[in-house]
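In each ligand, atom 1 is the first atom listed, and ligand 1 is the first ligand listed. The shown structure was predicted, so the numbers you read here are calculated from the model rather than taken from an experiment.
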Amino acid sequence: MLGMMQNWQLTCDKILTHAKVNHPDRFVVSRQLDGSITRTSYGEIYDRSRRLSSALIKRGIKLGDRVGTMAWNNARHMETWYGLMGFGAICHTLNPRLHPNQLKYIINHAGDRMFFLDLSFVPLLEAVQAELSSVQTYVLMCSRDQMPQTTLPNAVCFEDLLAEGDDDVVWGGFDENTACGLCYTSGTTGNPKGVLYSHRSNTLMAMTCAMPNMMGVSGTDTCLMVVPMFHANAWALTFTAPMVGMNLVMPGPMMDGASIYQLLDSEKCTVSAAVPTIWLMLLNYLEETGKKLPYLNEVLIGGSACPRAIMETFDKEYGVTVIHAWGMTETSPLGTAARVQPEIEDLPYEEQLSYRLKQGVPPYIVEMRIVDDAHNELPKDGRSSGHLLVRGPAVSNAYFGAENGSILDEDGWFNTGDVATIDPLGYMQITDRSKDVIKSGGEWISSIDLENAALGHPAAAECAVIGLPHPKWDERPLLIVQLKPGMEATPESFYEFLTGKIARWWMPDDVVFVEAIPHGPTGKISKLELRKTFKDYKLPTI
Ligand code: AMP
């Protein structure tokens, strides 16, 4: 027997429609490329997004068509998201930090029919456009007076395109499982892979993000959305904010400490979300200037492990609570958040901190388990470390262009490529990535923990650890260090520094110093590159 409830499809157009009806005046602030600030509201964004839909339909874009965007976080980008998704076109966000060859591959692979870009990316697109087979029109996201000369074929100004549309457009009306957004994951290995979100998965993730045990936001909040709209679905915030009526502040291209501080302060932001690097820059700026954060209550930190020093400094110096979170492009992306659960509420600060520094507990829509190499489930004892598998309605089941190539095991689990423990209270902790794993004498060494520990050395700017082959132990760790400008250090000083902070058998077999640690397009350390560089390096312990 079926329940007798309405069949109300969870499509993303309904999110902005809800904002238009219920909180049309909540604001959206954007920093433009020239640093100036513009203000709009969900009501205006709704009206303009619908006109954009109408214009796109008139130009022949239809349900299921992919349209690329390369833009910073700003209101026009948000209008483009909803303008496309509203009538079932697929918004394909691209990461401008990718190598041009990867961009060409991705745009051609996605078959983008149109391309929206901020003016900063005109030269980049001009350089590759001749090799883009599917793009027919380029939309420059600027006002008429900012429209530049360009060699991009069929270039049109965003505002002119908007003027081609009208209010006579139908949003929604398609199945909630219809594709909605496309985001290729960072390609440190092989070709990038397209994660294809659905309206349903985005809606469920937006509701999940707002839950009190995840980001816990509401209409009383103002959010500085630093996490880029081109990375991992902007952590669902482009949907969560209009859904709950939270004001949204978007930093455009300026993410240095001073610019971030200025927006946090002038817009009285109560929450924010970004990777650790951003917070390091802000904390440095605050230390230099002696400024404080009177309005900010909480920051969501994820994308890579949150260093202890960041969490402690936010706690002790600024009274800001850090919520450490973990996720992946393939998980829409929020997979866990490390909030204080009632079981640890009364613990002393240090003990509680050790839980908060873990990656956290999954929300209702994410199932999680760890398994050994033979796929046997491992106990949730906080010690057993294994492959982290996830399952849920906002987790990918295949990559775009390979719809028949399931990426799940026979029980429907997706292997995250991360290695983790889960403790008896359910807190998951990433101990490594399987592609990075250092297995020494049959036991895991966490390169991430080693890197974090070594980073505490006063001369270290950045640290990376890779495993190198060893005849006795199979693999042993090599610590690669980029020193702070003008600083000097010896390998011995690192050994001395690490002694007592890590298990003795974790001690790196060697320490080498490099000019610069290489990064992939999303800013993560490129272990692939480092493994190539040190392919023939012989450890002194052999
Ligand atoms: P991406 O799909 O590019 O967002 O990368 C996802 C990967 O980043 C995860 O599989 C993890 O390896 C890593 N990651 C994300 N959040 C965290 C975190 N809080 N701590 C450690 N690693 C993280």
Side-chain angles (χ1 to χ4, degrees), residues 93-95 97-98 102 106 181-190 192-197 205 209 214-215 226-237 273-280 299-308 310-311 322-339 355-362 366 368 370 385-390 394-396 399 407 413-422 427-437 446-452 455 464-465 519-528:
T93 51
L94 278 110
N95 183 342
R97 299 199 185 101
L98 291 171
Q102 281 187 320
I106 292 175
L182 179 61
C183 186
Y184 282 68
T185 64
S186 57
T188 42
T189 53
K193 299 171 188 75
V195 172
L196 190 60
Y197 302 112
M205 182 48 67
C209 173
M214 296 304 282
M215 208 165 162
V226 186
V227 53
M229 290 168 77
F230 54 74
H231 190 207
N233 218 12
W235 297 0
L237 285 167
V275 295
T277 320
I278 299 288
W279 302 118
L280 272 178
V299 290
L300 194 74
I301 302 190
S304 53
C306 174
R308 184 188 191 94
I310 291 189
M311 198 177 274
V322 169
I323 310 300
H324 188 201
W326 167 91
M328 302 179 71
T329 309
E330 285 94 333
T331 61
S332 291
L334 293 181
T336 57
R339 279 196 176 271
Y355 282 97
R356 292 174 55 214
L357 281 166
K358 295 187 180 194
Q359 276 66 18
V361 179
V366 178
M368 191 165 270
I370 44 171
S385 177
H387 304 287
L388 178 67
L389 311 185
V390 291
V395 177
S396 303
Y399 291 115
I407 52 173
W413 293 95
F414 169 69
N415 186 344
T416 63
D418 287 321
V419 175
T421 59
I422 302 178
Y427 284 77
M428 182 274 285
Q429 180 170 28
I430 303 272
T431 53
D432 218 322
R433 288 170 203 150
S434 47
K435 52 187 182 246
D436 270 354
V437 148
S446 162
S447 52
I448 296 175
D449 277 2
L450 254 183
E451 286 162 10
N452 282 340
L455 203 55
V465 172
H519 292 96
T522 56
K524 288 183 187 152
I525 294 174
S526 173
K527 295 286 175 86
L528 198 70

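- For the residue pair Met229 and Ala234, the shortest heavy atom distance occurs at CA-CB, 3.8 Å.
- Of the N or O atoms in Glu330, none lie within a sub-3.5 Å distance of an N or O in ligand 1.
- Looking at Thr336, its side chain does come within 3.5 Å of a backbone N or O of Gln359 through a donor-acceptor pair.
- Atoms of ligand 1 found under 4.0 Å from any heavy atom of Lys524 (numbered from 1 in listed order, with element): 1 (P), 3 (O), 4 (O), 5 (O), 6 (C), 7 (C), 8 (O).
- Considering both main-chain and side-chain atoms, Ala305 comes within under 3.5 Å of ligand 1 through a nitrogen or oxygen pair.
- Contact analysis puts Gly327 in contact with ligand 1, with a non-hydrogen atom separation below 4.0 angstrom.
- Put simply, the side chain of His519 never gets that close to the backbone of Lys524: no donor and acceptor are under 3.5 Å apart.
- For Trp279 (side chain) and Ala274 (main-chain N/O), a donor-acceptor pair under 3.5 Å exists by modelled atom type.
- Relative to atom 14 (N) of ligand 1, the option among Gly360, Cys183, Gly303, Ala325 with the closest non-hydrogen atom is Gly303.
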Could you walk me through whether Thr421 and Ser385 satisfy the side-chain hydrogen bond (donor to acceptor under 3.5 Å, both in side chains) test, starting with their C-alpha distance in whole Å, then the side-chain angles of each, then the deciding distance to 0.1 Å, before giving a yes or no? CA-CA 5 Å; Thr421 59; Ser385 177; over 6 Å; no
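- Counting the atoms of ligand 1 from 1 in the order shown, those under 4.0 Å from a heavy atom of His324 are 18 (C), 19 (N), 20 (N).
- Residue nearest to atom 17 (C) of ligand 1, selected from Tyr184, Trp235, Trp326: Trp326 (by heavy-atom distance).
- Contact between Asp418 and ligand 1 is present, with at least one heavy atom of the residue lying under 4.0 Å from the ligand.
- Proximity to His231 (heavy-atom distance under 4.0 Å) selects the following atoms of ligand 1: 1 (P), 3 (O), 4 (O).
- Only side-chain heavy atoms of Gln359 come within less than 4.0 Å of ligand 1; its backbone N, CA, C and O stay farther off.
- The backbone N or O of Ser332 lies less than 3.5 Å from a partner atom in the side chain of Asn233, making a donor-acceptor pair.
- The ligand atoms of ligand 1 that sit less than 4.0 angstrom from a heavy atom of Thr329 are 1 (P), 2 (O), 3 (O), 4 (O).
- Atom CG in Leu94 sits 11.0 Å away from atom CD in Gln102 (nearest 0.5 Å).
- A distance-only check finds no donor-acceptor pair linking the side chain of Arg339 to the backbone of Ile323 [under 3.5 Å].
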